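Worksheet: the structure to be examined is printed underneath.
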2 protein chains.
Amino acid sequence: MPVEAKVDISARPASPPLTERQEARRRRILHASAQLASRGGFDAVQMREVAESSQVALGTLYRYFPSKVHLLVATMQDQLEHMHGTLRKKPPAGETASERVAETLMRAFRALQREPHLADAMVRALTFADRSVSPEVDQVSRQTTAIILDAMGLTDPTPAQLSAVRVIEHTWHSALITWLSGRASIAQVKIDIETVCRLIDLTEPDEKK
Amino acid sequence: MPVEAKVDISARPASPPLTERQEARRRRILHASAQLASRGGFDAVQMREVAESSQVALGTLYRYFPSKVHLLVATMQDQLEHMHGTLRKKPPAGETASERVAETLMRAFRALQREPHLADAMVRALTFADRSVSPEVDQVSRQTTAIILDAMGLTDPTPAQLSAVRVIEHTWHSALITWLSGRASIAQVKIDIETVCRLIDLTEPDEKK
DNA sequence: ATCAAGTCTGAAACTTGTTCTAGATTAGCG
DNA sequence: CGCTAATCTAGAACAAGTTTCAGACTTGAT
C-alpha cells in the first residue's frame, strides 16, 4: 500500500508555485486561524470553523494544512515573520549582548501578552507537534534563532554561542508554557529569561582561549 | 449553571483515603497506561484500551483521571518517583555541582531512551497540559526540582540557585521534546544539558558578594 | 442485617479531528 | 475553443476523547 504522497502546500519554498487564488485561500485560512485562536486559544481553532470562516471546504483546508497542528505552526511562522520585521525596526538598546537578547525576548513576550489566547494556540501546537511537523517546527526554530542572533549582533557565532542560543530557546519555549498554563507569573518568566541570558556572558571572554 | 465539582482522585494527598480495591484499580490503570504508552507513545494510549486493559469501565477510568492528559501526567509522577528512588541509591560522582546535575540528568535521559515511546507519551502530555492539570504538573515540577537540588547537594538554595534550577528544568523539558520529535540528536541534548548546567557555576562564587 | 449514599459497570451518545467520495470547477495546453 | 488533469466543494463517514445514564454493587453507619 503506497503511502499517498501528502504534500504540505504550506511548506515554505513550495514545490509548485501557487496561483493567485490559491495564495488568497491560504491567506484567508491563516487569517481565520489566527482570529479563532485569538478568541479561545488552541481549543477554539476548530477545523470546521476555520474552513467555514475562510470560505473553503474542509477537504481543501486539509489539502493546504494536513493537520490542525500544521495549521497552527504555519500561523506561528506567519506571526514570527511580523515580529522579526517589527523588531528589526527598533533594535534593542542594551549594552551587552545578554541584555539585548533579554530585552528582545521580553519585547516579544509583551506582544504575546496582548493576545494570550493566540499565544496559547501557537505554543501548544509547537510543543505538541510530532515528527510529521518537524520541518515546519524547525523553520520556526530557525527564525527564532535568527531573531536572537540579531539581538546579539552576531554574524558568525561560535559553537559555544550557538549552544547558548539553543538553551535560551529551550528556556523561552518552556517558560512560555508555564506562563500559559498559569503556573508561572509574568515576573517569573522575566526572571527566567534574564537568568538564562547570562549564559551568553560565559561565551564572551573568548580572548583568553 | 454550577460547574460540577469534578475531583481528580489521583491528586496526591487525596481528600478521602482510597479503599484497598480502589487503590488496586488506580494501580492497574497506571500500569496499563504505562504499558500502552511503552508501545506506541501518546497516540497508543487510548482511553477505551486503558479501561479494558485495567478491567475498569470507561466511566470509572474518567472518575479516577478526568482526562487522558491527567492520566499521563499521573503516569509520569509515578515513574518520576521510581527514578528519584533509583537516583538516590547511586548519587552522582562529579566534582562540582554542575557536573553532578548534568550527570544526573543524563542518567535520567538514558533511562528515557530505553522507553522512548513512554517518554513521548509522558512529555507530550506534560507540555500539552492546560490549566486544569496545573496542580499535577506542578507536582511533577516539584519532584524534578527536588531531584536536581539533591544532585547539587543543597539543603537550602539561594534565590539565584533556584532560578538556575528553573532554567535547567526548562531546558530539560524542551530538549526532551526536540529529541522526541526527531529534531535533535542524543548528542545535541547532552550538549544542551551540559551548557545549561554551567549556569550553576555562576551561582557558586557567592563569597565575593 | 439493613438502608442510604456513594461507586462501578456497560452501553450509547456526543464532539471534534481526520478521511473519503462523487461530482463541479479551474488551470494549462494544443 | 475543447480537452485533461488537477483542484475544489459538499457532505457523509470514521476515530478517539469525553459525557451521560440506568441499573448493579459496595461501603459505612445504624
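Keep in mind that what you see is a predicted model, and the values were worked out from it rather than measured. Throughout, a chain's letter reflects where its sequence line sits, starting with A, and its residues are numbered from 1.
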ask   = If each of B:Thr19 and B:Phe42 is mapped to the nucleotide of DNA chain D with the nearest heavy atom, which maps nearer the 5' terminus, i.e. the 5' end?
value = B:Phe42
A:Leu180 side chain reached by A:Leu112 side chain, heavy atoms, under 4.5 Å = no
message = Between P on C:dC8 and CD on B:Glu23, what's the gap in Å once rounded to a whole number?
response =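 So the two atoms are 12 Å apart, to the nearest Å.
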message = Can you measure B:Gln22 atom CD to D:dG28 atom P for me and round it to whole angstrom units?
response = 9 Å
task = Over 60° means perpendicular and under 30° means parallel, so classify the ring planes of B:Phe128 and A:Phe128, tilted if in between.
result = parallel
ask   = Between A:Thr145 and A:Glu169, do the side chains contain an N or O donor and an N or O acceptor separated by less than 3.5 Å?
value =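 Distance-only check passes for A:Thr145 and A:Glu169.
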query = Taking only N and O in the side chain of B:Tyr64, is any of them less than 4.0 Å away from OP1 or OP2 of C:dC8?
reply = yes
inquiry  = Can you see if the side chain of B:Gln55 gets near the phosphate of C:dT9 - specifically, an N or O under 4.0 Å from OP1 or OP2?
reply    = no
Contact list (N/O, under 3.5 angstrom) for nucleotides 4-6 of chain D vs protein:
none

Residues [X] and [Y] bridged, charged N to O under 4.0 Å:
X: B:Asp150; Y: B:Arg100; answer: no
X: A:Glu52; Y: A:Arg48; answer: no
X: A:Arg198; Y: A:Glu194; answer: no

Distances under 3.5 Å between protein N/O atoms and the N/O atoms of nucleotides 11-16 of chain D, please, pair by pair.
from, atom 1, to, atom 2, distance (Å)
D:dA16, OP1, B:Gln46, NE2, 3.1
D:dA16, N7, B:Arg48, NH2, 3.4

request  = Among the candidates D:dT9, C:dC8, C:dA27, find the nucleotide nearest to the side-chain atoms of A:Arg21.
outcome  = C:dA27
